[in-house]
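Some notes on the structure that comes next.
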There are 4 protein chains.
Amino acid sequence: MPKVGMEPIRKRQLILATVEAIHAVGFNRTTVNQVARRAGISPGLVAHYFRDKPGLLAATMRHLAEELREELARRLAAARTPEERLRAVLDANFSDRSFSPAKVSAWVAFWGQAHGDPQLTRMQRVLRQRLKSNLAYPLRALVGHEDARRIATGLSVFIDGLSLRSALGGEAELDRQSARAMAQDYLDKQLAQTPRVQREHHSDVETA
Amino acid sequence: MPKVGMEPIRKRQLILATVEAIHAVGFNRTTVNQVARRAGISPGLVAHYFRDKPGLLAATMRHLAEELREELARRLAAARTPEERLRAVLDANFSDRSFSPAKVSAWVAFWGQAHGDPQLTRMQRVLRQRLKSNLAYPLRALVGHEDARRIATGLSVFIDGLSLRSALGGEAELDRQSARAMAQDYLDKQLAQTPRVQREHHSDVETA
Amino acid sequence: MPKVGMEPIRKRQLILATVEAIHAVGFNRTTVNQVARRAGISPGLVAHYFRDKPGLLAATMRHLAEELREELARRLAAARTPEERLRAVLDANFSDRSFSPAKVSAWVAFWGQAHGDPQLTRMQRVLRQRLKSNLAYPLRALVGHEDARRIATGLSVFIDGLSLRSALGGEAELDRQSARAMAQDYLDKQLAQTPRVQREHHSDVETA
Amino acid sequence: MPKVGMEPIRKRQLILATVEAIHAVGFNRTTVNQVARRAGISPGLVAHYFRDKPGLLAATMRHLAEELREELARRLAAARTPEERLRAVLDANFSDRSFSPAKVSAWVAFWGQAHGDPQLTRMQRVLRQRLKSNLAYPLRALVGHEDARRIATGLSVFIDGLSLRSALGGEAELDRQSARAMAQDYLDKQLAQTPRVQREHHSDVETA
DNA sequence: TATGAATGAGGATTCATTCAT
DNA sequence: AATGAATGAATCCTCATTCAT
């Protein structure tokens, strides 16, 4: 049943099937045939669209990263103050779409594979850096440079820990809402004990 | 060249080789032959001592957990106050022996495999629970029950995040000392904003 | 973009692409998709015109044989004496068109595949027989029947050997001109040591 | 059924099975499983001994070349005069062991694969060079340098042609004895028309 | 206790072929 | 007449596991 314009559809089907398979049977038992069957597609098509298994896995991870980026971009566009920006970053990371059990499972599985796979390692590094930047930027409006960097690092570490816990424990142990709350708590407690800085373009407004 | 009393030596050799292999080539490329060769042992012996590959992997993880337990027990034995106990828990988790690059890599690899493997999942759950208990107990001497539980959970999440970051980034990005310091910072900031509780057996001492 | 009268054009394109592919990447890596892409044609058309891969390969070999036949026919038409006929046969076999590197590569590749493929085997046999006949006929005007047969066989064997050498060694080792000269040398040396026979219809001419 | 010292036996079994398979079903249908089954061995052992399929094929060709070398060495050791040496070279190339139908089939199959396979190409080149040297050396005792080179080249080309003919036509068309005779005829006819040269170290003997 | 040769099931990948458009 | 997406059988290869020694 050959059709035109199927490429994006097929790719999406296969990527979703990959995430589901990882969540359902674990990374090791996730074979190309598994994924293809789950997507209702012939295994040969995987090669057609992703070249090989590493290609499929990399594309899957890229897809997850892209989803996260979209969620974040949408929320940041509506944010006006540093506080709103910080909230937007957390909202994106714990959004219904990005923090679903299957996707969190996939993230953790990829973390476990990153060692020894240069491509995955690079992607992880980029993602981590991006999260830190997204946090550090609004923080610099509130606290000193060094403190902003420190809090951004700590919060991104904490978010990773929450993902891990969520994936390993199942939803029962740590649901999305609680994870979100714990991240917020982390941020609040850090800010509460960090000296605020008056920044020039803020003073202007305040003295006006 | 069969010898008697080789069992514990062989087991240790194979377990260490497993950790090294995971760190060196990643979980997926860690084959039984790889591990055996690295240990300077015939692959057939793996079956003899661990029955099969899952057996070797479970034993390896059990070994890591046991090491952590030993480190902790030793330090807790010398701890007298709640503060010392908390420090002991952190010291154990970030000890030279438990937080080596290879071992942290192995932890993260196991996390990635836990999904779908009931045995690994169970072990993870037990470990996590143990860490939380070890933290919550001394905390209950300082803060309320609910706060103790909350801080213990948060800190164990944060420690996991630090391990992950350490494994993925390499030592360059987050060394052992810095990770230890960040965990301490987390604990300090949490305690600073949590109301202290006067407990009976402490009041006695203090009022004396 | 369906057009009429495309059949011979498409077939030629695909056959030439097959020869080029064999020369460029070797027989084994010559896939239908390879050939189609090289011809700038959809792989589906291969089935349309040649039914399947064996059909394409057989047609390709038939094409090479036909080319050789044409070259020979043209030259033979102009030949008047037995000597001219012999020269014509050699000229045809070592012509620019028939003895190009790509085509010689293709011949050798087909030889390697002939075993176990009845169709290819049959074609090889026919070709060989034809070459031998084309050589034996003019030779019979010069030497005895048995000698003619012997020299024809030997020369056709030698020509095959030259093709092989030319294909394996690349043009650097044995170019077309040298191969032609060696074949001629073979023929000359054989004739020089074979007793000539006076044939009736020749004596008439000569005694006239 | 693991045993020690099986390596050379297994390798020989697999190599012979490879030659037989190529002869029986053709190069393309010669799969690793085919060969293993034919050798009465598990397919996994192929990887154990030859790494992969190309490794097996290369080893097979190397084996054929080595066999030829042995045949030649044995005969050359017994040869005293240039004429005996030349005869030894032909005897070796058309020996019962080296010129069996299956082995000739294998040679031709390898020729067809050499294009695009650097390893096979190199081996072919070395073999061809060796044959030419083995012929040129005794020839230089009989004729001039340039003539020796020319005859050696021509004869080795002719031998290749005979192998090809023998493989394609089956034994019916050109048996081993006839092929041998044709090669001898080629050599004799060439020598008969090439001026002999008196070489110093021969004159000494003859004038003594 | 120890070896490592041998097995064979399982997985990734290739590719000739089909077929809806 | 032409496309090229899709199929799925076939092949190579890996690797956990077994077992004779």
Side-chain angles (χ1 to χ4, degrees), chain A residues 1-7 9-10 28-36 40-56, chain B residues 1-7 9-10 28-37 41-56, chain C residues 1-7 9-10 28-37 41-56, chain D residues 1-7 9-10 28-36 40-56:
Chain A
M1 44 196 104
K3 289 170 194 165
V4 291
M6 291 301 282
E7 177 156 338
I9 298 173
R10 292 305 192 199
N28 271 345
R29 273 175 291 185
T30 296
T31 70
V32 170
N33 280 289
Q34 267 269 334
V35 171
I41 282 176
S42 161
L45 263 197
V46 173
H48 189 263
Y49 285 124
F50 297 104
R51 180 175 183 82
D52 53 13
K53 194 185 185 187
L56 172 62
Chain B
M1 45 200 104
K3 291 172 191 166
V4 290
M6 291 301 283
E7 178 158 334
I9 297 173
R10 293 304 194 200
N28 272 344
R29 273 174 294 186
T30 296
T31 69
V32 170
N33 279 284
Q34 267 268 333
V35 171
R37 197 178 325 126
I41 283 175
S42 161
L45 265 195
V46 173
H48 188 267
Y49 285 125
F50 297 103
R51 180 178 178 81
D52 54 14
K53 194 186 185 186
L56 171 62
Chain C
M1 44 197 109
K3 290 173 192 165
V4 290
M6 291 301 283
E7 179 158 336
I9 298 174
R10 293 304 194 199
N28 271 345
R29 273 174 292 185
T30 296
T31 70
V32 171
N33 279 283
Q34 266 268 334
V35 171
R37 199 177 325 128
I41 283 175
S42 159
L45 264 196
V46 173
H48 189 266
Y49 284 125
F50 297 103
R51 180 176 179 84
D52 53 14
K53 194 187 186 186
L56 171 63
Chain D
M1 43 199 103
K3 290 169 192 165
V4 288
M6 290 301 282
E7 178 157 337
I9 297 173
R10 293 304 193 201
N28 270 345
R29 272 175 292 184
T30 296
T31 70
V32 170
N33 281 291
Q34 267 270 332
V35 171
I41 281 175
S42 161
L45 263 197
V46 173
H48 189 262
Y49 284 125
F50 297 104
R51 180 176 182 85
D52 54 14
K53 195 185 185 188
L56 171 62

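Lettering of chains follows the sequences in order, A, B, ..., and the numbering in each one begins at 1.
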Just to be sure I understand the rule, does Phe50(A) reach a base, reach only the sugar-phosphate, or reach nothing, if contact means heavy atoms closer than 4.0 Å?
nothing
I need the Ile9(D) CD1 to Ile41(D) CD1 distance, nearest 0.5 Å.
10.0 Å
For Arg29(C) and Gly44(D), take the nucleotide of DNA chain E holding the closest heavy atom to each; which residue's nucleotide lies nearer the 5' end?
Gly44(D)
For the pair Asn28(C) and Asn28(D), evaluate side chain to side chain contact (heavy atoms under 4.5 Å, CB included) and give the outcome as yes or no after the intermediate values.
CA-CA 8 Å; Asn28(C) 271 345; Asn28(D) 270 345; 3.2 Å; yes
Euclidean distance, atom CD of residue Glu7(B) to atom C1' of dT1(E) [Å, nearest integer]
10 Å
With the side chain of Met6(D) defined as its heavy atoms from C-beta on, choose the nearest nucleotide among dA5(E), dG4(F), dT13(E).
dA5(E)
Picking from dC13(F), dA16(F), dT3(E), the nucleotide nearest the side-chain atoms of Thr31(B) would be dA16(F)
Nearest to side-chain heavy atoms of Val32(B), which nucleotide of dT17(E), dT3(F), dT17(F)
dT17(F)
How many whole angstroms separate atom CG of Leu45(D) from atom C1' of dC12(F)?
15 Å
Selection from dT1(E), dT13(E), dC13(F) that lies nearest to any side-chain heavy atom of Lys53(A)
dT13(E)
Within-4.5 Å side-chain heavy-atom neighbours: Phe50(A) and Arg10(A):
no
By the Watson-Crick or G-U definition, both distances under 3.5 Å, dA5(F) is matched with dT18(E)
If you measure from CG on Leu45(B) to CE on Met6(B), what distance do you get to the nearest 0.5 Å?
9.0 Å
Rounded to whole Å, the CG-C1' distance (Asp52(B) to dA9(E)) equals 16 Å
If I take atom CG in residue Asn28(B) and atom C1' in nucleotide dG11(E), what distance separates them, rounded to the nearest angstrom?
13 Å
Looking only at non-hydrogen atoms, find the nearest pair between Val46(D) and Ala36(D) and report the distance.
CG2-CB, 4.4 Å
Is there a side-chain polar atom (N or O) of His48(D) under 4.0 Å from OP1 or OP2 of dA5(E)?
yes
Is the distance from OP1 or OP2 of dA2(F) to the nearest side-chain N or O of Arg10(C) less than 4.0 Å?
yes
Nearest-nucleotide pick for Pro43(A), side chain only, options being dA12(E), dC13(F), dG8(F):
dG8(F)
Distance check: side-chain N/O of Tyr49(A) vs OP1/OP2 of dA5(F), anything under 4.0 Å?
no
note: Gln34(D), atom CD; dA10(F), atom P; distance rounded to Å ~ 13 Å
Between Ile41(C) and Asn33(C), who's closer to the 5' end of DNA chain F by nearest nucleotide?
Ile41(C)
From CG of Leu56(A) across to P of dG11(E) the rounded distance in Å is 16 Å
